[in-house]
Amino acid sequence: MNIPKKENLKRVIIIGAGFSGIQIAKKLRRDKFQIVLIDKNNYHTFQPLLYQVATAGLEPDSIAHSIRNIIRKKDNFFFRLANVYSINTTKQKVYTNLGNLYYDYLVISTGSVTNYFGNKNIESHSIPMKSIPEALNLRSIILQNFESASLKKHIEEKKKIMTFVIVGGGPTGVELSGSLAEMKKYVLPNDYTDLKQEYMNIHLLQASSRLLDGMSNSSANQALKNLRELGVIVWLNCLVKDYDGKVISTINNRKIETYNVIWAAGVKGSVIKGFLKKDIERDRILVNNNLRTIRYENIFAVGDIALMKEDDRYPNGHPMTAQPAIQQGNYLVRYLNKILDYKNNIKPFKYKNLGIMATIGRNKAVCDFPLFKVKGFLAWIIWMSVHLMSLVGFRNKTIALTNWIIQYFNYHKSVCLIIRPFKKKNTI
Ligand SMILES: Cc1cc2nc3c(=O)[nH]c(=O)nc-3n(C[C@H](O)[C@H](O)[C@H](O)COP(=O)(O)OP(=O)(O)OC[C@H]3O[C@@H](n4cnc5c(N)ncnc54)[C@H](O)[C@@H]3O)c2cc1C
């Protein structure tokens, strides 16, 4: 890969421009390091709002931001649009589709991928929602299915096409089912007058006995109540066994006929080849409390991909959410900046839980903060404000806010467009 090496600067390669990697690339000192940021996309994705792209609430470019544009300080900084395949820890090189590159320090911030828990049937037949292209696929599938159902004669056939099963009752599953329920309530009567609302069924399957496992019981119960009020059929204690593209079955022998299973049941670390088996646990790279990998002095991992077990409060690792990723990114900036000053007074990383929240459709959300909990309209306002503030760039914030205000008053999803028709093997 063509990047000139400067003798007086140590080269840091950062793989992944997500929540953690972007912090590091933005803030690392340019007088000490040459920074090379590599990502397979040329944009940063704000994943918490992917479900709004999938359900026609936001355009994809409201939740994406050009990486080259985010990094304002360009001195000693290089971005490369490339897919990293592997690393060689002895030669200190990363291997990509554009060639290889030497590093002095390496930061792995590759995030996570959808976890199908080894079930190939589910992997090939269900619909994931982990990236912008996948969210756009889902949007096309939903709208194409409405179009297709309009053409069917028999009600049973319409219902099968319009039955959506979401697997996973975490924040993603809850938010997506709430948003789909709103499409049923507001988009169908406006845009598809020949389709009755009762043809569309939304099922949410959750393996455990409650929704929103990482949140308080009261928030979980509130979310359940709100979803049921919206008409979502929630199945608890319902572990999925298989899906053949037509029928989804659970271990307690429940069967639902559907062409549309949306998989929101989990993620696993996006590990890059080159590590020993011992360095990886549960598909995450083991790190010490300085986020340094256990075997290699000059390799660090942050965000979803990192598994730090030395924080007493999180013996199984930090949650795979945005806050730990951002905080770890910021910590590593301080750590790396100090490394070259030969300062050893660096405290271990401590995750500060700032709270967790989920929205359940219009006017409703639940927020668990360390000292108090909020639900209902106020929680929804907090949820919107936090997400708006967290979106990257003034343009994205403005467009998202404008869309939300318009939708709030006209009850309509802004972007019910099949721009890129999607054809999956199991769709009609
Ligand atoms: C649908 C969805 C909803 C979510 N909702 C919430 C929420 O409400 N609240 C919350 O806190 N968290 C939420 N999360 C989780 C949150 O988005 C992640 O925890 C966070 O993005 C992790 O940050 P990261 O820096 O580890 O990785 P990411 O932000 O995932 O970034 C990883 C980057 O690495 C790049 N990459 C990966 N592999 C390679 C490779 N081999 N070569 C080159 N580039 C590579 C990717 O393109 C990507 O840009 C959600 C996640 C999803 C999928």
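Computed from heavy atoms alone, side chains included, the values below leave out hydrogens, waters and symmetry copies. Numbering of ligands and ligand atoms starts at 1, following listing order.
By heavy-atom distance, the residue among Ser86, Gly303, Pro48, Gly355 lying nearest atom 7 (C) of ligand 1 is Pro48. Among Ile67, Asp304, Val386, the residue whose heavy atom lies nearest to atom 19 (O) of ligand 1 is Asp304. Nearest to atom 49 (O) of ligand 1 by heavy atom, out of Ile24, Leu81, Asp39, is Asp39. Compare Ser109, Gly16, Ser131 by their heavy atoms: the one nearest to atom 32 (C) of ligand 1 is in Ser109.
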Next on the checklist: As a quick check of understanding, evaluate side chain to side chain contact (heavy atoms under 4.5 Å, CB included) for Thr250 and Leu239, giving each step before the final call.
Outcome noted: CA-CA 5 Å; Thr250 67; Leu239 183 67; 6.0 Å; no
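Considering backbone and side-chain atoms alike, Thr321 places an N or O below 3.5 Å from some N or O of ligand 1. Below 3.5 Å of separation, one finds an N or O of Phe19 facing an N or O of ligand 1.
Heavy atoms of Ala82 come nearer than 4.0 angstrom to ligand 1 in at least one pair.
The parts of Lys40 lying near ligand 1 are both backbone and side chain, judged by heavy-atom distances below 4.0 Å.
The Met320 neighbourhood of ligand 1 comprises atoms 15 (C), 19 (O), with distances under 4.0 Å to a heavy atom of that residue. Near Ser270, the atoms of ligand 1 lying under 4.0 angstrom from a non-hydrogen atom of the residue are 38 (N).
Under a cut-off of 6.0 angstrom, the local environment of OH in Tyr411 is sparse, with at most 12 non-hydrogen atoms contributed by other residues, nucleotides or ligands.
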